[in-house]
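The chains referred to below are lettered A, B, ... by the order of the sequence lines, with proteins before strands, and numbering in each begins at 1. The analysis underlying the following values was restricted to heavy atoms, covering all of them including side chains, and did not include hydrogens, waters or symmetry mates.
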There are 2 protein chains.
Amino acid sequence: MDRLTTVIEDFTTIFIRLPSVRRFNFSTLSVLHTLARGGPMRLTDLLRTEQLKQPALTSLVAKLEQDGLVRRRPDPADGRAMLLSLTREGRQIVGSRHAHRVERLTHLIDQLTDDERAALAGATSVLTRLTEIAADDA
Amino acid sequence: MDRLTTVIEDFTTIFIRLPSVRRFNFSTLSVLHTLARGGPMRLTDLLRTEQLKQPALTSLVAKLEQDGLVRRRPDPADGRAMLLSLTREGRQIVGSRHAHRVERLTHLIDQLTDDERAALAGATSVLTRLTEIAADDA
DNA sequence: GGAAACAATATCAAATTTCGATGTAACTCA
DNA sequence: TGAGTTACATCGAAATTTGATATTGTTTCC
């Protein structure tokens, strides 16, 4: 378990660091990613996953709206709340980063043996299960 | 490849977010982690992996030294350079976060079937290879 | 139906972090 | 030796984050 944890830690650091065309900081990228995954959600929901306090998130989202990456509209079900979602441009940024990762990972995997590739393929669905379990018992 | 990339992205977000006892920001945790892995290294070396400009890193390291987490000593081989390493306390912080992850991952893996566990185990060494390859061709 | 309690977000000033520009000292090498 | 380069430090300004608090809408419960 220790070995697996360690290698994930190391792999993660490699995987996260991507040259981004525009220079977004970590908080911004995380918000974009979460909105890309979680569909429209309220500020409070977003707050749960982001490592920011509410005022910081409010101001970050305000800037993203200014920049045309996030759309903010009132929640029809609750007059106090705002529904946040990505604009097309916001989705493009997340998509382009994803594409870069696919490319990078493809390049790495090209250098593996067939057996290694098979092992990795076998792990994909297990990783999916793990993230589901993690989401549930969080 | 797209599926694998996606699941790694999702798993990563889960894996990164850890309640830290003391409240360190992302940059700080990354520096501590890198120093824990990379042994004593110079500021410039550290700079390569961290997503900070040099003045920001200098001031971050200065604070970590103040707080007793990082040791700074002159590089005997180069009068301009400083060798940075973790103090015992610094190592303890990284170690404790690692321990938390092991614990969390153990808990998740407990919920898998035997087959799934086997698939994951098979992927461990492949992931190790991948990080090595990535380190080389970076 | 209305007041009290609560929840979601906004605002504001202060603290922290990061950056660009520039300085200083040490190293390289011709 | 001296011109060019490298490693790190310093400094003021810009950007980010926080805690405290305000505002507005919702829920509860009598």
Residue pair [X] / [Y], side-chain heavy-atom distance below 4.5 Å:
X	Y	result
Leu35(A)	Leu84(A)	yes
Ser30(A)	Gln51(A)	no
Ile109(B)	Met1(A)	yes
Arg129(A)	Leu112(B)	yes
His100(B)	Arg104(B)	no
Leu130(A)	Leu127(A)	yes
Leu43(A)	Gln54(A)	yes

Where does the chain B footprint on DNA chain D start and end, counting 5' to 3' with a 4.0 Å heavy-atom cut-off?
dT6(D) to dG19(D)

Show me the side-chain donor-acceptor pairs of residues 61-70 of chain A shorter than 3.5 Å, one per line, residues at least two apart or across chains.
unit_1, atom_1, unit_2, atom_2, d
Glu65(A), OE1, Arg72(A), NE, 3.1

Just by distance, with hydrogens left out, do Thr28(B) and Asn25(B) show a side-chain donor and acceptor under 3.5 Å apart?
yes

Side chains of Thr34(A) and Glu50(A): any donor to acceptor distance under 3.5 Å?
yes

Residues in contact with DNA chain C, drawn from residues 37-48 of chain B - heavy-atom cutoff 4.0 Å:
none

Protein and nucleotides 16-18 of chain C: nitrogen or oxygen contacts under 3.5 angstrom:
unit_1, atom_1, unit_2, atom_2, d
dT17(C), OP2, Lys63(B), NZ, 3.4
dT18(C), OP1, Ser27(B), OG, 2.7

Evaluate the side-chain contact (heavy atoms from CB on, under 4.5 Å) criterion for residues Thr5(B) and Phe15(A): first the C-alpha distance (whole Å), next the side-chain angles of each, then the deciding distance (0.1 Å), finally the verdict.
CA-CA 9 Å; Thr5(B) 302; Phe15(A) 203 68; 3.9 Å; yes

Of all the heavy-atom pairs spanning Thr131(A) and Thr128(A), show the shortest one and how long it is.
OG1-O, 2.7 Å

Distance-minimising heavy-atom pair for Pro40(A) and Arg73(A):
CG-NH2, 4.2 Å

Just how far, in rounded Å, is P of dT9(C) from CD of Glu65(A)?
13 Å

Please report the distance, rounded to the nearest Å, between CD in Glu50(B) and P in dC19(C).
12 Å

Classify the side chain of Gln54(A) versus the base of dA8(C) as yes if they form a donor-acceptor pair under 3.5 Å and no if they do not.
no

Under 4.0 Å from OP1 or OP2 of dA10(C): is there any side-chain N or O of Thr58(A) that close?
yes

Near DNA chain D, which residues from residues 76-85 of chain B have a heavy atom under 4.0 Å away?
Arg80(B), Ala81(B), Met82(B)

At what angle, to 10 degrees, do the two end axes of the helix from dG1(C)-dC30(D) to dA30(C)-dT1(D) meet, given five pairs define each axis?
30°

List the steps, then state whether salt bridge (charged side-chain N to carboxylate O under 4.0 Å, His left out) holds for Arg42(A) with Asp78(A).
CA-CA 10 Å; Arg42(A) 299 145 49 127; Asp78(A) 185 337; 3.7 Å; yes

Checking Arg3(B) side chain against Thr124(A) main chain: does a donor-acceptor pair fall under 3.5 Å?
no

